[in-house]
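For reference, positions follow the sequence shown, starting with 1.
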Amino acid sequence: MDARQAQGTMRGAQRTEDERIPAAADGQDTATSAGTDLATATDTATDTAARLRAICDEVSDRFYERADVVRTLVVALLVGQHSLVLGPPGTAKSEIARELTGRVEGAAYWEILLSKFTAPTRMFGPVDVAALARGEYRQVYEGRATTAHVAFIDEIFKCSTAALNETLGYLADPSNFAALVRSAVSRPAARARTTVELAALQHAVTAGVPAVDVPDAVVDAVCTLRAAPRRKELIASDRRWRQAVGLLQASAYLDGRPAVAESDLAVLTHVLWDSPAQRPTVEREVLQLVNPDDKEALDLADALDELEAQLDAMAGQSREALSEWVIEKAHNKLAMAGKRLEKLREEAVAAGRSTTAIDRVAGRRRAARARVLTEALGMDASMVQAQL
């Protein structure tokens, strides 16, 4: 190697070192940028979850005794799943749905009230006549369910078979970011309220919720829960269980937690049954695993139902016979149930667990006691109400 070659090699080496310096600086900038992006994404997820919790609280405050329904609808929305709300007329199902869907800013909203005369084209668009004249078959999707981010379909079970079949295909498409609910109440008046941006909600669905960790303990609990209903011939499909895991992640995300906890399993009481008659069995199996306090509260509710059934069976009997029944049976059962519910509530509050089910059963106990006092003992209803 001559001197010129050596000089060229040294210059090349020097240039390589010089080039490495800005490259290292670029790597440092990239790492800093990645850290900033991660922090921004975390802040965005935290803000979105906080807004959704505020929405749950505001809507629950407006609709008495509907907190569980509201939270379940939001959890389903977070995993991009459809929701079906069942119940008797006049229980604010439509109003709750409209109140929630109206809080997603920037979302294309679509709504329809179905009947047996509703044609599928009203939901998914009519045929383009101009295109048909050119020998092309097209549908006009603009302004229909297929272009909406959130769809509200009212009275879905009253539509025709053809419309139901078309709806099934629409709901099976995961790209339809829709909340489906069913009932019949007028639209509420607009009011100042917490909202969430559509982009933030979509980011939560695609990135925030899937990032929530599912610990092994929760996986074991899900496996245990899957086996329990099978013993009573209540079988949920594997697809439903897979979707149920997403609901658990969404429940944890909504509470601002990075991992699923066993308390999140309570949301499964809404998804593991096929008919309303199966719901009590599923609810007991879930609560037995998640919250034994609520399980015992439901057992007390069964005892109260039995007590009211006895009161119904004694209709028309003499006041003396009714009074004897109250003294020997009803009074003691109501008193024991009241004391036990108070104890369960204290234990649940001390452990930081939900008292929703316990409070609901306590309300049923008060109603049963009022019936016993007025119908069996003949007390004045206003006096009874004042005592309660």
Side-chain angles (χ1 to χ4, degrees), residues 49 52-79 81-88 90-101 103 179-183 185 194 209 225 240 243-244 246-257 260-302 304 341 344-345 348-349 351-367:
L52 290 172
R53 288 195 298 272
I55 290 172
C56 286
D57 292 340
E58 292 173 12
V59 177
S60 299
D61 288 341
R62 180 179 175 188
F63 299 97
Y64 183 62
E65 294 184 342
R66 296 293 183 270
D68 196 29
V69 175
V70 171
R71 178 182 173 84
T72 303
L73 288 173
V74 174
V75 168
L77 191 66
L78 276 171
V79 288
Q81 295 293 333
H82 311 292
S83 299
L84 176 66
V85 180
L86 295 172
T91 51
K93 297 182 296 298
S94 289
E95 195 166 359
I96 291 174
R98 292 188 180 109
E99 182 68 21
L100 283 175
T101 54
R103 292 172 180 255
L180 173 66
V181 290
R182 196 278 303 175
S183 80
V185 184
T194 303
V209 172
L225 184 59
R240 188 180 301 187
Q243 294 171 342
L247 292 173
L248 298 180
Q249 292 175 296
S251 178
Y253 177 90
L254 185 58
D255 286 339
R257 289 182 275 107
V260 175
E262 286 194 359
S263 59
D264 294 312
L265 292 170
V267 75
L268 299 183
T269 59
H270 303 286
V271 300
L272 297 181
W273 48 270
D274 293 322
S275 67
Q278 296 173 348
R279 189 181 190 279
T281 302
V282 171
E283 188 174 25
R284 277 172 170 75
E285 294 295 342
V286 174
L287 294 179
Q288 178 67 35
L289 185 65
V290 177
N291 193 341
D293 296 339
D294 286 354
K295 170 64 166 54
E296 186 173 351
L298 292 178
D299 292 338
L300 292 173
D302 289 341
L304 293 172
L341 287 169
L344 289 175
R345 197 179 196 286
V349 171
R353 294 191 293 265
S354 172
T355 62
T356 302
I358 298 173
D359 293 338
R360 185 171 67 246
V361 177
R364 293 180 61 182
R365 176 197 166 272
R366 289 192 294 270

Inset, instruction - Using a 4.5 Å cut-off on heavy atoms from C-beta on, say whether the side chain of Q243 contacts that of L247. - result: no
Inset, instruction - State, with a plain yes or no, whether a side-chain heavy atom of I358 is found less than 4.5 Å away from one of E296. - result: no
Inset, instruction - Ignoring hydrogens and angles, tell me if any N or O in the side chain of K93 forms a donor-acceptor pair with the backbone of L86 under 3.5 Å. - result: no
Inset, instruction - Please name the pair of heavy atoms, one in L344 and one in A297, separated by the smallest distance, quoted to 0.1 Å. - result: CD1-N, 4.1 Å
Inset, instruction - Check whether any side-chain N or O of T91 sits under 3.5 Å from a backbone N or O of G87 as a donor-acceptor pair, and report yes or no. - result: no
Legend entry - R240 and D274 ion-paired at < 4.0 Å: yes
Legend entry - Straight-line distance of R71 CZ to S60 OG, nearest 0.5 Å: 10.0 Å
Legend entry - Check: V286 and V282 side chains under 4.5 Å, non-hydrogen atoms: yes
Inset, instruction - Taking D264 for its side chain and A261 for its backbone only, find out whether a donor-acceptor pair lies under 3.5 Å. - result: yes
Inset, instruction - Indicate yes or no for a side-chain donor-acceptor contact from R360 to the backbone of L298 under 3.5 Å, with no hydrogens or angles considered. - result: no
Legend entry - Check: L254 main-chain N/O paired with R53 side-chain donor or acceptor under 3.5 Å: yes
Legend entry - Carboxylate-amine/guanidinium contact R103 E99, below 4.0 Å: yes
Legend entry - Flag for T269-E283: side-chain donor and acceptor within less than 3.5 Å: no
Legend entry - Inter-residue atom distance T194.OG1 - L52.CG, 0.5 Å rounding: 10.0 Å
Legend entry - Donor-acceptor pair, side chain of R66 and main chain of I96, under 3.5 angstrom: no
Inset, instruction - Compare all side-chain heavy atoms of R284 with those of D299 and state whether any distance is below 4.5 angstrom. - result: yes
Legend entry - Atom pair CG/OG1 of L272 and T281 - distance to nearest 0.5 Å: 12.0 Å
Inset, instruction - Please examine the side chains of I55 and V70, heavy atoms only from C-beta on, and report whether any two atoms are closer than 4.5 Å. - result: no
Inset, instruction - Please determine if R364 and D359 form a salt bridge, counting it only when a charged side-chain N lies under 4.0 Å from a carboxylate O. - result: no
Inset, instruction - Check A49 against Y253 and note the closest heavy-atom contact, atom names and distance. - result: CB-O, 3.4 Å
Legend entry - Shortest non-hydrogen separation from V209 to L78 and the atoms involved: CG2-O, 3.6 Å
Legend entry - Side-chain heavy atoms of L268 within contact of L248, under 4.5 Å: yes
Inset, instruction - For the residue pair L341 and R365, establish whether any side-chain heavy-atom pair is separated by less than 4.5 Å. - result: yes
